[in-house]
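All remarks here apply to the structure that follows.
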Amino acid sequence: GHDIQLPGDAGTITPAEVRQTPPFDNPGLREIEPGRYEAVMLGIAWIFQPNEIRIPAGSEVTFILTSTDVIHGFNVEGTTVNGMLVPGQITRITHTFRTPGEPLILCHEYCGIQHHTMYGRVIVE
């Protein structure tokens, strides 16, 4: 797929212990320095946790991602953010969001009967 990024050397994690293992024990958005953020997110049938992040326009976001259950996709519409969330693997994707808007985060890997309800949003203000 175009711009899809498979898990690489970003690390591994024990799927059964994801919610007890940092940084996935506290998912969410953190400012690491002015204009730079980390978004720790989980793919869980059939939601992203958190399902919404808010950032100022011009911010660089490093998504740190994994799945707790099955393979999920992670695509932020209109960007090159396009990865796979594989249980036991950590995926990192960095992108600068220059334009205000509310692009959807979509799961692009069929993950079960409620796959079509798995979405989130990046709110760029």
Side-chain angles (χ1 to χ4, degrees):
H2 180 66
D3 288 320
I4 198 163
Q5 299 174 37
L6 296 172
D9 293 331
T12 59
I13 192 165
T14 304
E17 298 173 6
V18 167
R19 293 177 191 237
Q20 293 81 38
T21 305
F24 299 103
D25 60 338
N26 189 21
L29 184 70
R30 295 165 193 71
E31 186 172 26
I32 54 174
E33 64 181 54
R36 290 187 60 222
Y37 296 83
E38 285 184 344
V40 176
M41 298 178 72
L42 297 168
I44 306 165
W46 293 283
I47 63 168
F48 291 109
Q49 184 185 10
N51 72 342
E52 180 180 289
I53 63 168
R54 290 179 176 270
I55 56 168
S59 297
E60 178 186 273
V61 179
T62 297
F63 294 94
I64 304 169
L65 310 157
T66 195
S67 169
T68 64
D69 45 28
V70 299
I71 295 174
H72 296 286
F74 189 86
N75 176 257
V76 180
E77 71 174 350
T79 72
T80 59
V81 177
N82 188 356
M84 295 188 63
L85 312 185
V86 179
Q89 298 289 315
I90 298 170
T91 301
R92 285 180 173 263
I93 305 170
T94 300
H95 184 76
T96 300
F97 291 87
R98 301 188 192 288
T99 307
E102 297 187 11
L104 289 175
I105 302 168
L106 301 169
C107 178
H108 59 66
E109 289 290 328
Y110 182 74
C111 56
I113 194 164
Q114 292 294 317
H115 165 72
H116 65 284
T117 67
M118 189 169 177
Y119 68 93
R121 188 172 305 279
V122 177
I123 300 173
V124 185
E125 304 174 313

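Note that the coordinates shown come from a computational prediction; the quantities given were computed from them, not determined experimentally. Starting from 1, each residue takes its place in the sequence as its number.
Listed for the Thr91 side chain is a donor-acceptor partner under 3.5 Å among the backbone atoms of Met84. In this structure, the side chain of Asn82 does not engage the main chain of Val76 through any donor-acceptor pair within 3.5 Å. Side chain of His115 to backbone of Trp46: no donor-acceptor contact under 3.5 angstrom is found.
Dense packing is recorded around CD1 of Ile32, with more than 12 heavy atoms of other residues, nucleotides or ligands lying under 6.0 Å away. More than 12 heavy atoms of other shown residues, nucleotides or ligands fall within 6.0 angstrom of atom CZ in Arg30.
Here the shortest heavy-atom pairing between Gly101 and Pro103 reads C-CD, 3.5 Å. When all heavy atoms of Glu31 and Gly35 are compared, the closest pair comes out as OE2-N, 3.5 Å. Here the closest heavy-atom approach between residue Gln49 and residue Arg19 is recorded as OE1-NH1, 4.1 Å. The two residues Cys111 and Ile71 have their closest heavy-atom pair at CB-O, 3.8 Å. The shortest heavy-atom contact between Pro15 and Gly88 is CG-N, 3.5 Å.
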>> Pair Leu85, Phe48 - check side-chain contact (heavy atoms from CB on, under 4.5 Å), show working.
In response: CA-CA 11 Å; Leu85 312 185; Phe48 291 109; 4.1 Å; yes
> Can Phe24 and Ile90 be said to form a side-chain contact (heavy atoms from CB on, under 4.5 Å), step by step?
Replying inline: CA-CA 10 Å; Phe24 299 103; Ile90 298 170; 4.0 Å; yes
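Looking only at side-chain heavy atoms (C-beta outward), Val122 and Ile55 come within less than 4.5 Å of each other. You'll find the side chain of Ile105 reaches within 4.5 Å of the side chain of Met41, heavy atoms only. Inter-residue side-chain proximity for Tyr119 and Asn51 is flagged as unmet; no heavy-atom pair is nearer than 4.5 Å.
Considering only residues two or more places apart in sequence or on other chains, Ile47 meets the side-chain contact (heavy atoms from CB on, under 4.5 Å) condition with Ile44. Under the side chain to side chain donor-acceptor pair (under 3.5 Å) criterion, Asp69 pairs with Ser67, His72, sequence neighbours left out.
If you chain together hydrophobic residues whose side chains sit under 4.5 Å apart, Leu29 and Val124 fall into the same group. Residues Leu106 and Val81 do not share a hydrophobic cluster, clusters being chains of Ile/Leu/Val/Met/Phe/Trp/Tyr side chains in contact below 4.5 Å.
Atom CD1 in Ile53 sits 10.0 Å away from atom OH in Tyr37 (nearest 0.5 Å). To the nearest 0.5 angstrom, Arg98 atom CZ is 12.5 Å from Thr79 atom OG1. In this structure, Glu77 CD and Arg121 CZ are separated by 8.0 Å, a value rounded to the nearest 0.5 Å. Of the inter-residue distances, the one linking His108 atom NE2 with Met118 atom CE reads 10.5 Å to the nearest 0.5 angstrom.
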Extract all donor-acceptor atom pairs below 3.5 Å that involve side chains of residues 59-66 and protein atoms in other chains or at least two apart in sequence.
{"from": "Ser59", "atom 1": "OG", "to": "Pro56", "atom 2": "O", "distance (Å)": "2.7"}
{"from": "Glu60", "atom 1": "OE2", "to": "Arg36", "atom 2": "NE", "distance (Å)": "3.0"}
{"from": "Thr62", "atom 1": "OG1", "to": "Thr94", "atom 2": "OG1", "distance (Å)": "2.8"}
{"from": "Thr66", "atom 1": "OG1", "to": "Gln89", "atom 2": "O", "distance (Å)": "2.6"}

